[in-house]
Number of protein chains: 2
Amino acid sequence: MGSIDLKVVFKKYGIKNTLQRQAVYNYLTDASVPITAEQIYLELTRSETDAMNLSTVYRILDLFTKKGLVLKSNLQADGKSTYEMNHMEHRHHLICVKCNSIVPIKGCPLEDYEKRLSESTNYKILEHHLEILGVCPKCRQ
Amino acid sequence: MGSIDLKVVFKKYGIKNTLQRQAVYNYLTDASVPITAEQIYLELTRSETDAMNLSTVYRILDLFTKKGLVLKSNLQADGKSTYEMNHMEHRHHLICVKCNSIVPIKGCPLEDYEKRLSESTNYKILEHHLEILGVCPKCRQ
DNA sequence: AACGCAAATGCAAATCAGTTGCATTTGCGT
DNA sequence: ACGCAAATGCAACTGATTTGCATTTGCGTT
């Protein structure tokens, strides 16, 4: 599990190295899909060693997001925000409406589109959020 | 504004006809972009005649959404949900990050993409949510 | 046209995610 | 090892949305 020297990573981003931040970072690194602050909190708190306060989780996620380490998304239908590591590569997800599983999608269908949109509207396009909902192969039966 | 006989529309959807529901329906019909429950509440409340309780607005919006008359979206970065008439035609919006203005976009860039995605993943694709963020012409200066 | 009752509304209190103030603790440069 | 700014824990707060309950209203019936 993600045991590279985080001190170095954090320093690079101007982030002070604390146990809590290491725990959140490692947990996010291991997660392959976007997760909520509460999920992180509950999971870490169950393992005595990494226990921490929920507001600390929020503060750390905000910090990581501001520093560009983490991506925050408000797309979930239940209104909760989710967070995932910023792998730099822009990424979208496919969500199963039956089992709520989330899988990342390779590639982004919007690159050219944004260029054209920018020209036709004269907006400066910054980013976009996309989620696709469906039923996964397992749940289709 | 939008004074068709709503009784008929509501009946079709199995919705009991009340003054409050008419007011919300009409307001939504006149709105060209997604709006929050609070915006509806404030606007209607300012005109004595249509004044109503905020929780009623929420209840009506939930009802309309369940009946398919209205589309709800959690996309806003500030965490508020927005609602818009379901014109049946699938639509996306362009949001200005400076002034928060929202304009609808013509057409959807994802139609073909979804077909291909469905084939490659074996998911049954149901729908998608997309928002594009940028800076509008006015705010670019 | 009035009646009755289920459904809708108003109001206030509750909930839930997320934020904040402040006292205490910790990391890190010296 | 020392000192201080920054980070954390905790509890209280905020803002959006929901809910329980008493009152009101719409609508099918008489």
Side-chain angles (χ1 to χ4, degrees), chain A residues 5-25 27 34-45 47-67 69-83, chain B residues 5-25 27 34-45 48-67 69-83 100:
Chain A
D5 197 346
L6 289 186
K7 235 184 250 179
V8 180
V9 179
F10 286 164
K11 185 154 237 168
K12 192 171 107 189
Y13 284 87
I15 293 173
K16 195 156 133 185
N17 180 40
T18 69
L19 293 175
Q20 292 85 342
R21 286 167 181 187
Q22 289 185 17
V24 171
Y25 185 98
Y27 190 70
I35 49 184
T36 64
E38 204 183 8
Q39 286 175 307
I40 297 172
Y41 168 71
L42 290 175
E43 199 55 41
L44 294 183
T45 296
S47 75
E48 289 283 323
T49 43
D50 289 333
M52 79 185 74
N53 196 274
L54 180 56
S55 63
T56 301
V57 175
Y58 277 110
R59 280 191 277 230
I60 290 174
L61 289 172
D62 280 355
L63 176 70
F64 285 0
T65 302
K66 279 206 192 82
K67 296 291 187 178
L69 267 173
V70 157
L71 297 176
K72 176 178 181 178
S73 149
N74 297 78
L75 289 169
Q76 296 314 98
D78 60 7
K80 293 187 196 178
S81 294
T82 57
Y83 303 83
Chain B
D5 198 347
L6 289 186
K7 236 184 250 181
V8 179
V9 179
F10 286 165
K11 187 153 235 169
K12 191 171 108 189
Y13 283 87
I15 292 173
K16 196 157 133 185
N17 180 40
T18 70
L19 293 175
Q20 291 86 339
R21 287 169 180 184
Q22 289 186 16
V24 171
Y25 186 98
Y27 190 70
I35 49 184
T36 65
E38 205 184 7
Q39 286 175 308
I40 298 172
Y41 167 72
L42 290 175
E43 199 54 41
L44 294 183
T45 295
E48 289 283 323
T49 44
D50 289 333
M52 80 184 73
N53 197 273
L54 180 56
S55 63
T56 301
V57 175
Y58 276 110
R59 280 191 277 230
I60 290 173
L61 290 171
D62 280 356
L63 176 69
F64 285 0
T65 302
K66 280 206 192 81
K67 296 292 186 175
L69 267 173
V70 158
L71 297 175
K72 176 179 180 178
S73 149
N74 296 78
L75 290 169
Q76 298 313 99
D78 60 8
K80 294 187 194 175
S81 294
T82 57
Y83 303 83
N100 290 310

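Fair warning: this is a prediction, and the values are worked out from it, not measured in the lab. Worth knowing before you read on, the calculation uses all heavy atoms, side chains too, and leaves out hydrogens, waters and symmetry mates. Naming convention: chains lettered A, B, ... in sequence-line order (proteins, then strands); numbering from 1 in each chain.
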Any-strand Watson-Crick or G-U partner of [N], both distances under 3.5 Å:
N: C:dT26; answer: D:dA5
N: D:dT29; answer: C:dA2
N: C:dT20; answer: D:dA11
N: C:dT15; answer: D:dA16

Toward the 5' end of DNA chain D, by each residue's nearest nucleotide, B:K16 or A:K16: A:K16
Contact nearer the 5' end of DNA chain D, comparing B:D62 with B:N17: B:D62
Phosphate contact ([N] OP1 or OP2) by [X] side-chain N/O below 4.0 Å:
X: A:T36; N: C:dA17; result: no
X: B:Q20; N: C:dG10; result: yes
X: B:K80; N: D:dT14; result: no
X: B:S81; N: D:dT17; result: yes
X: A:Y58; N: C:dG18; result: yes
X: A:T18; N: C:dT26; result: no

Nucleotide nearest A:T56 (side chain, heavy atoms from C-beta), chosen from D:dT8, C:dG29, C:dA12: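 Given the options D:dT8, C:dG29, C:dA12, the side chain of A:T56 is closest to D:dT8.
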Closest to side chain of B:S55, choosing from D:dG9, C:dG10, D:dT17: C:dG10
What's the [atom1]-[atom2] distance between [X] and [N], to the nearest Å?
X: B:N53; N: D:dT24; atom1: CG; atom2: P; result: 15 Å
X: A:Y41; N: C:dA17; atom1: OH; atom2: P; result: 12 Å
X: A:F10; N: C:dC28; atom1: CZ; atom2: C1'; result: 15 Å
X: A:L44; N: D:dG9; atom1: CG; atom2: P; result: 11 Å
X: B:L19; N: D:dG26; atom1: CG; atom2: C1'; result: 10 Å
X: B:L42; N: D:dG15; atom1: CG; atom2: C1'; result: 13 Å
X: A:L54; N: C:dC16; atom1: CG; atom2: C1'; result: 11 Å
X: B:L63; N: D:dT18; atom1: CG; atom2: P; result: 13 Å

Looking at side-chain heavy atoms only, is the closest gap between A:V24 and A:V70 below 4.5 Å? no
From the options A:Y83, A:Y13, A:F10, select the one residue that forms a ring pair (Phe, Tyr, Trp, His ring centres under 6.0 Å) with A:Y25. A:F10
I need the A:D50 CG to A:I40 CD1 distance, nearest 0.5 Å.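 Output value for this atom pair is 12.0 Å.
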Identify the heavy atoms of A:V57 and A:A37 that sit nearest to each other, and give their distance.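 Closest approach of A:V57 to A:A37, heavy atoms only: CG1-O, 3.7 Å.
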Smallest heavy-atom separation, B:L61 atom then B:T65 atom, equals O-OG1, 2.6 Å
Per the atom types in the model, does the base of C:dG18 pair as donor or acceptor with the side chain of A:R59 at under 3.5 Å?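 A donor-acceptor contact between them is absent.
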Do any N or O atoms from the side chain of A:R21 and from the backbone of A:K16 form a donor-acceptor pair under 3.5 angstrom?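 Indeed, once roles are kept as given, a pair shorter than 3.5 Å links the two residues.
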